[in-house]
Enquirer: 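Quick one: this structure, given as structure tokens, is what I'll be asking you about.
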Number of protein chains: 2
Amino acid sequence: MSPRKQSSQELTREMIIHEARTKFVEEGFHQVSMRSIAKELDCSHGAIYYHFKNKAELFYVVLQEYFLELNGIIDEVVINREENCTKLYKLFISFIEFGLNNQSQYESMFMLRNSEIDVLSQEAANFSYQKFAQAVQTLSNNTLLIKDIYAVFISLHGFVVFYRGYATCFEEVKDAAYAHVDFLIKSLSSEKISRSNL
Amino acid sequence: MSPRKQSSQELTREMIIHEARTKFVEEGFHQVSMRSIAKELDCSHGAIYYHFKNKAELFYVVLQEYFLELNGIIDEVVINREENCTKLYKLFISFIEFGLNNQSQYESMFMLRNSEIDVLSQEAANFSYQKFAQAVQTLSNNTLLIKDIYAVFISLHGFVVFYRGYATCFEEVKDAAYAHVDFLIKSLSSEKISRSNL
DNA sequence: ATTTTTATTGACCAGTGGTTAATTAAAGGG
DNA sequence: CCCTTTAATTAACCACTGGTCAATAAAAAT
């Protein structure tokens, strides 16, 4: 009856991305179906496959924005004019805050395994981690061991993963977050003193 | 043609659980379909629904075993005749080891959110955590704060979640695990000294 | 005006979790 | 031993999922 719409209402890549992002943020990768996106855009789901190879590729594009956002947050903290140790603290908290205020995104960015989408975004995830590690290194005046930075990252990751789904936003668990970061910084601090024999 | 099989080859709850467990361990909750289990058992997938309300309930039963296994591991470490600090170290390593050597199970036990199965196993997960916390408390001669024990648990959790999918077993990342646990214990140790003003 | 390209549809595929009427084997009762 | 009841199973069905593709019509190029 009507293959190809009139140009005024033609589907664009941006329209799809926009709708995908909206639903993705609300429901997460697995809960959003290509058909539900198509329905919202008043088109058949087949049309989306003309613009994107598959679901993973579509959401990979959406995810890019959030990797950029996270990277921007890291930059922002480092650039601030404050004490290094204050900035370090804020960096850790900001990471957790991002994770818990963007739970669907965080899941696809750092948690999914063997699901097509993570294969694509693995590089971006790695880059964000490198950025994080570099920031920590800088803010600590290069006094930290790489493996300890890794340990911090993994521990922050654990916090986000643990509270995800249980808390709906950072605000709800900020006290626990502060305590967790305190705990990690305590370890980092004791490193500088007692570590030289291992 | 043949509703109801002859008693010699009737389906039992145990047969289903056994097959479900096998596939579950290999592929994980979401990858295993009720139909694939049925196929292996030479029955229709509808038959499984006679024995189990739904997929979540079936795998919940399977998961119980692994909660017990984890609890057993915790007990074992505590009971050993060794230095408390050695046991504490082993407890942390054992948790990571369990997580990485039982990745599919760990995912359903501690990672899934809002997927029916986690609602059922939340209680068991909480119990296992309590057991872990109690063990830590005991092994540290009650010198630790609850929130620090929480922080350790979350950080260990982070390690498992992070390496899951990337490593196929504990052995592959044991060095990183040792370093991570070192990092956490360093924080716990410094607690005892410097913590009294917060 | 005609051809070519581009975007879209809708039917289709194989798969998912889950339900249910119909059926038959087994168990229980007289 | 027959008959009824109960328990277990099947197959067809539902509404979904991601993904493909021939047919088609609008738009662009000639």
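From a predicted model like this one, the values you see are computed outputs, not experimental measurements.
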Enquirer: Tell me whether the centres of the aromatic rings in B/Tyr150 and A/Phe162 are closer together than 6.0 Å.
Expert: yes

Enquirer: Ignoring hydrogens and angles, answer whether the base of C/dT6 and the side-chain atoms of A/Arg4 contain a donor-acceptor pair closer than 3.5 Å.
Expert: yes

Enquirer: Among the nucleotides D/dA7, C/dT8, C/dA11, which one has an atom lying closest to any side-chain atom of B/Tyr50?
Expert: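 For the B/Tyr50 side chain, the nearest candidate turns out to be D/dA7.
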
Enquirer: Looking only at non-hydrogen atoms, find the nearest pair between B/Ser104 and B/Val25 and report the distance.
Expert: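 B/Ser104 and B/Val25 have their closest heavy atoms at OG-O, 3.1 Å.
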
Enquirer: Would you kindly give the NE2-to-P distance between B/His45 and D/dC14, to the nearest whole Å?
Expert: 14 Å

Enquirer: Nearest to the side chain of B/Pro3, heavy atoms from C-beta on, is which of C/dA26, C/dA7, C/dA22?
Expert: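 Ranking C/dA26, C/dA7, C/dA22 by closest atom to the B/Pro3 side chain puts C/dA22 first.
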
Enquirer: Can you measure B/Tyr49 atom OH to D/dC13 atom C1' for me and round it to whole angstrom units?
Expert: 14 Å

Enquirer: So does B/Lys23 pair up with B/Glu26, basic N to acidic O under 4.0 Å?
Expert: no

Enquirer: Atom CG of B/Leu41 and atom P of D/dA8: how far apart are they, to the nearest Å?
Expert: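 One finds 16 Å between P of D/dA8 and CG of B/Leu41, rounded.
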
Enquirer: Counting only side-chain N and O atoms of A/Lys55, is one of them less than 4.0 Å from OP1 or OP2 of D/dG18?
Expert: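 For D/dG18, OP1 or OP2 has a side-chain N or O of A/Lys55 closer than 4.0 Å.
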
Enquirer: Can you tell whether the side chains of A/Lys90 and A/Glu82 come within less than 4.0 Å, N to carboxylate O?
Expert: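 Salt bridge between A/Lys90 and A/Glu82, a charged N being under 4.0 Å from a carboxylate O: yes.
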
Enquirer: Can you pull out the residues from residues 21-37 of chain A that lie within a 4.0 Å heavy-atom distance of DNA chain D?
Expert: A/Val32, A/Ser33, A/Met34, A/Arg35

Enquirer: Measure from the side-chain heavy atoms of A/Ser44 and tell me the nearest of D/dT10, D/dA23, C/dG10.
Expert: C/dG10

Enquirer: Rounded off to whole Å, could you give me the NE2-to-C1' distance for the A/His51 and C/dA7 pair?
Expert: 6 Å

Enquirer: To the nearest angstrom, how far is B/Asp42 atom CG from D/dT9 atom P?
Expert: 12 Å

Enquirer: Taking atom types as modelled, is there a side-chain donor on A/Ser187 or B/Ser187 under 3.5 Å from an acceptor on the other?
Expert: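 Judged by distance alone, the side chains do not pair up.
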
Enquirer: State which of D/dT9, D/dG19, C/dT8 makes the closest approach to the side chain of A/Asn54.
Expert: D/dG19

